[in-house]
Amino acid sequence: MVAPCPTSMMVRTKKTKGMGIPTIDLSLERSKLSELVVKACEEYGFFKVVNHSVPKEVISRLEEEGTEFFSKTSSEKSQAGPANPFGYGCRNIGPNGDMGHLEYLLLHTNPLSISERSKTIANDPTKFSCAVNDYIEAAKGLTCEILDLVAEGLWVQDKFSLSNLIRDVHSDSLLRINQYPPVALKGNKNWDTSKLEAHQLQNQNNNNNNNNNNIGFGEHSDPQILTIMRSNNVDGLQISTHDGLWIPVPPDPNEFFVMVGDALQVLTNGRFVSVRHRVLTNTTKARMSMMYFAAPPLNWWITPLPKMVTPHNPSQYKPFTWAQYKQAAYSLRLGDTRLDLFKIQRQQDTPLASASP
Ligand SMILES: C=C1C[C@]23C[C@@]1(O)CC[C@H]2[C@@]12CC[C@H](O)[C@@](C)(C(=O)O1)[C@H]2[C@@H]3C(=O)O
Ligand SMILES: O=C(O)CCC(=O)C(=O)O
Ligand SMILES: [Fe+2]
């Protein structure tokens, strides 16, 4: 057990199957808070926030819309599809053959695009688009708050430099509502994964080729700057630690989870690493998650913040626009480490080069 620590010092870590998920209380004093946010981003690229100011009603309205949509018949739902990339998708993830046990709605956050899409999604399109727009505004507010804390914690001079990337009206942020139906495990009906320790789950699931029956959403990192996730009370999400151990994330329908994406890894010149995560299906209950992916406008450049580049830590990435990065992401498979395409290879990175005469 971890000894309780004074609230003023917390990244509060609740023990989950032997590992802690950092939990950050947003009502803490600001300078402490920014330090904790940076620490959690460095150590895990993932944390939970409590005491956020998103109204419960904003969350429940979107959840109700999601439930109503996913309870429609397949032929009704298919009117909102296929997801190419936006709209309704079922089992197919992206354009390159990735599959999961899920169905989803993927939406661009532009209000005009939402209003058009709503017509194929909901019986009452205005009610649907209001619920979606309100949720997006709230998630965007929370994301900006967290990005400002990151900038402060990193001592970046312009404390809005990160949040400005996603505040712009042309931001390419997305909203995704995922629904994972319960999947009975093949063979042994008494095989309950919730009773397994993280390392056992890892062994059981790392070999995805043998039995991917329980993969809801395969291992990947999110390409964007930051992802804000909220789910119903059904587990399944796991994150990978820097040493490759899978940690189950206990669901908390009242709170939000934050994930560092590839673009924030670049902006921090590798000080933060985007978190690899996946979803395993539950054997009895349907999981519904709402994901807000915060991204800049398509033609904006992503380069390390000047503060993060020093003679000792020169830029690790070639400059690219968000559109170029997305294009790379969509040309690859879900689990690929697409940032490798943009890494600057330096001589000292290759042991052979330094060893050669
Ligand atoms: C297989 C793919 C699906 C994805 C685009 C990609 O080619 C690689 C990244 C995937 C991902 C993961 C995070 C988000 O869910 C997503 C919407 C995104 O921006 O990148 C998905 C893409 C998708 O499902 O279209
Ligand atoms: O459903 C979840 O909890 C995670 C889904 C996810 O990783 C994604 O949509 O990119
Ligand atoms: Fe993801």
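What you see below is based on every heavy atom in this structure, not just the backbone, and it leaves out hydrogens, waters and symmetry mates.
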Novice: Find out whether Phe160 and Leu165 are in side-chain contact, i.e. whether some heavy atom of one side chain is under 4.5 Å from a heavy atom of the other.
Specialist: no

Novice: Could you tell me whether the side chain of Asp98 and the main chain of Leu334 form a donor-acceptor pair under 3.5 Å?
Specialist: yes

Novice: Can you check side-chain contact (heavy atoms from CB on, under 4.5 Å) on Ile344 and Tyr317, steps first, answer last?
Specialist: CA-CA 5 Å; Ile344 296 175; Tyr317 304 95; 5.6 Å; no

Novice: Just so I know, are the side chains of Glu145 and Leu147 near enough to count as touching, which here means a heavy-atom distance under 4.5 Å?
Specialist: no

Novice: Would you check, one step at a time, whether the test side-chain contact (heavy atoms from CB on, under 4.5 Å) holds for Phe217 with Ile93?
Specialist: CA-CA 8 Å; Phe217 206 122; Ile93 302 174; 3.9 Å; yes

Novice: Looking at Lys285 and Asp235, does any basic side-chain N land under 4.0 Å from a carboxylate oxygen?
Specialist: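 Salt bridge: no.
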
Novice: Between CG of Leu112 and OG of Ser129, what distance do you get to the nearest 0.5 Å?
Specialist: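 Going from CG on Leu112 over to OG on Ser129, the span is 11.0 Å.
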
Novice: Under a 3.5 Å distance rule, please check whether Asp222 uses its side chain to pair with a backbone N or O of Thr227 as donor and acceptor.
Specialist: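 Checking the backbone N and O of Thr227 against the side chain of Asp222, no donor-acceptor pair under 3.5 Å is found.
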
Novice: Kindly say whether the aromatic ring centers of Tyr325 and Phe342 come within a distance under 6.0 Å.
Specialist: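 Here the rings of Phe342 and Tyr325 have centres that are less than 6.0 Å from each other.
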
Novice: Would Arg276 and Ile239 count as a side-chain contact (heavy atoms from CB on, under 4.5 Å) here? Give the steps.
Specialist: CA-CA 6 Å; Arg276 293 188 72 79; Ile239 58 160; over 6 Å; no

Novice: Decide yes or no for Phe257 and Val249: does some side-chain heavy atom of the first lie under 4.5 Å from some side-chain heavy atom of the second?
Specialist: yes

Novice: Side-chain donor-acceptor pair under 3.5 Å between Thr284 and Asn282, yes or no?
Specialist: yes

Novice: Does a donor on one side chain sit under 3.5 Å from an acceptor on the other, for Asn164 and Lys159?
Specialist: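 Judged by distance alone, the side chains do not pair up.
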
Novice: Please tell me whether Gln79 and Thr120 have a donor and an acceptor in their side chains that are separated by less than 3.5 angstrom.
Specialist: no

Novice: Which atoms form the tightest heavy-atom contact between Lys318 and Leu341, and what is the distance?
Specialist: NZ-O, 3.7 Å

Novice: For residues Val234 and Pro251, determine if any side-chain heavy atom of one lies less than 4.5 Å from a side-chain heavy atom of the other.
Specialist: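 No, side chains not in contact.
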
Novice: Taking C-beta and beyond as the side chain, do Pro223 and Trp322 meet within less than 4.5 Å on heavy atoms?
Specialist: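 Side chain of Pro223 against side chain of Trp322, heavy atoms only: contact under 4.5 Å found.
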
Novice: Without swapping roles, check the side chain of Ser78 against the backbone of Gly81 for a donor-acceptor pair under 3.5 Å.
Specialist: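 Flag not set: sc Ser78 to bb Gly81 has no pair under 3.5 Å.
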
Novice: How far does CD of Glu103 sit from CD of Gln179, to the nearest 0.5 angstrom?
Specialist: 5.5 Å

Novice: Check Thr143, Leu305, Asp148 against Leu162 for a side chain to side chain contact (heavy atoms under 4.5 Å, CB included) and give me the one that passes.
Specialist: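 Option passing the side chain to side chain contact (heavy atoms under 4.5 Å, CB included) with Leu162: Leu305.
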
Novice: I'd like to know if the side chain of Tyr330 and the backbone of Asn96 have a donor-acceptor N/O pair within less than 3.5 Å.
Specialist: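 Checked: no pair found.
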
Novice: Looking only at heavy atoms, which two atoms of Pro248 and Ile21 are closest? And how far apart?
Specialist: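 Smallest heavy-atom distance, with atoms named: O-CD1, 4.3 Å.
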
Novice: Does any N or O in the side chain of Arg176 come within less than 3.5 Å of the main-chain N or O of Leu106, such that one atom is a donor and the other an acceptor?
Specialist: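 Answer holds: no.
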
Novice: Does the pair Lys48/Glu255 count as a salt bridge with the N-to-O cut at 4.0 Å?
Specialist: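 No, Lys48 and Glu255 are not salt-bridged.
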
Novice: Nearest 0.5 Å please: distance from the NZ atom of Lys140 over to the CD1 atom of Ile228.
Specialist: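 These two atoms lie 13.5 Å from each other.
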
Novice: Within the side chain of Arg167, is there an N or O that forms a donor-acceptor pair under 3.5 Å with the backbone of Cys144?
Specialist: no

Novice: Within the distance-only criterion (no hydrogens, no angle test), does the side chain of Asn232 pair as donor or acceptor with the backbone N or O of Ala286 below 3.5 angstrom?
Specialist: yes

Novice: Would you say the side chain of Val273 lies within less than 4.5 Å of the side chain of His242, judging by non-hydrogen atoms?
Specialist: yes

Novice: Taking salt bridge (charged side-chain N to carboxylate O under 4.0 Å, His left out) as the criterion, tell me which of Arg338, Lys343, Lys326 meets it with Asp262.
Specialist: Arg338

Novice: Indicate whether the side chain of Glu29 and that of Ser31 have a donor and an acceptor atom separated by less than 3.5 Å.
Specialist: yes

Novice: Does a side-chain N-to-carboxylate-O contact under 4.0 Å join Lys39 and Glu43?
Specialist: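 Salt bridge flag = yes for Glu43 with Lys39.
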
Novice: Under 3.5 Å, is there a donor-acceptor pair between the side chain of Asn178 and the main chain of Leu102?
Specialist: no

Novice: Please confirm whether the backbone N or O of Arg333 pairs with a side-chain atom of Asp336, one donor and one acceptor, at under 3.5 Å?
Specialist: yes

Novice: What verdict does the salt bridge (Lys or Arg N to Asp or Glu O under 4.0 Å) test give for Arg61 and Glu64, after you've listed the backbone C-alpha separation in whole Å, the side-chain angles of each residue and the deciding distance to 0.1 Å?
Specialist: CA-CA 5 Å; Arg61 273 198 292 134; Glu64 279 158 28; over 6 Å; no

Novice: Would you find more than 12 non-hydrogen atoms of other residues, nucleotides or ligands less than 6.0 Å from Glu76 atom CD?
Specialist: yes

Novice: Do Arg271 and Glu42 sit within salt-bridge range, that is, some charged N less than 4.0 Å from a carboxylate O?
Specialist: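 Yes, this pair counts.
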
Novice: What's the separation between atom CG in Leu36 and atom OG1 in Thr23, rounded to the nearest 0.5 Å?
Specialist: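 Reported to 0.5 Å precision, the distance equals 11.0 Å.
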
Novice: Taking all atoms of both residues into account, what is the closest heavy-atom pair of Ser27 and Asn51, and its distance?
Specialist: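 The answer is OG-ND2, 3.6 Å.
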
Novice: Taking C-beta and beyond as the side chain, do His277 and His220 meet within less than 4.5 Å on heavy atoms?
Specialist: yes

Novice: On a heavy-atom basis, which atom in Val49 and which in Val258 lie closest, and how many Å separate them?
Specialist: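 Looking at all heavy atoms of both residues, the shortest contact is CG1-CG2, 4.2 Å.
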
Novice: For Ala139 and Tyr292, work out which heavy atoms get closest and say how close.
Specialist: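 Taking every non-hydrogen atom into account, CB-CG, 3.6 Å.
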
Novice: Shortest non-hydrogen contact from Arg287 to Gly236?
Specialist: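 Between these two residues, the closest heavy atoms are NH1-N, 4.2 Å.
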
Novice: Rounded to the nearest 0.5 Å, how far does CG of Leu142 lie from CD1 of Ile146?
Specialist: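 These two atoms lie 4.0 Å from each other.
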
Novice: In sequence, state the C-alpha distance, the side-chain angles, and the governing distance for Trp300 and Thr321, and then conclude on side-chain contact (heavy atoms from CB on, under 4.5 Å).
Specialist: CA-CA 5 Å; Trp300 286 24; Thr321 63; over 6 Å; no

Novice: Evaluate the side-chain proximity of Ile225 to Leu267: yes if any heavy-atom separation is below 4.5 Å, no if none is.
Specialist: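 In contact.
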
Novice: Taking the six-membered ring for Trp, is the centroid-to-centroid distance between His108 and Phe86 below 6.0 Å?
Specialist: yes

Novice: So that I know where these two stand, are Tyr88 and Phe69 an aromatic pair - ring centroids less than 6.0 Å apart?
Specialist: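 Centroid distance Tyr88-Phe69: below 6.0 Å, so yes.
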
Novice: Would you check if there is a donor-acceptor pair between the side chains of Thr337 and Asp340 at a distance under 3.5 Å?
Specialist: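 Side chains of Asp340 and Thr337: pair found under 3.5 Å.
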
Novice: Set out, in order, the CA-CA distance, both residues' side-chain angles and the distance that settles ring-ring contact (aromatic ring centres under 6.0 Å, His included) for His101 and Tyr180, then state yes or no.
Specialist: CA-CA 6 Å; His101 270 286; Tyr180 304 87; 9.7 Å; no

Novice: Supply the atom-to-atom distance Glu68 CD to Asp124 CG, rounded to the nearest 0.5 angstrom.
Specialist: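 Between atom CD of Glu68 and atom CG of Asp124 there are 8.5 Å.
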
Novice: I'd like to know if the side chain of Thr281 reaches the main chain of Pro182, judged simply by a donor and an acceptor atom lying under 3.5 Å from each other, with no hydrogens or angles considered.
Specialist: no

Novice: Is the CH2 atom of Trp155 crowded by more than 12 outside heavy atoms at less than 6.0 Å?
Specialist: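 12 or below, so no.
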
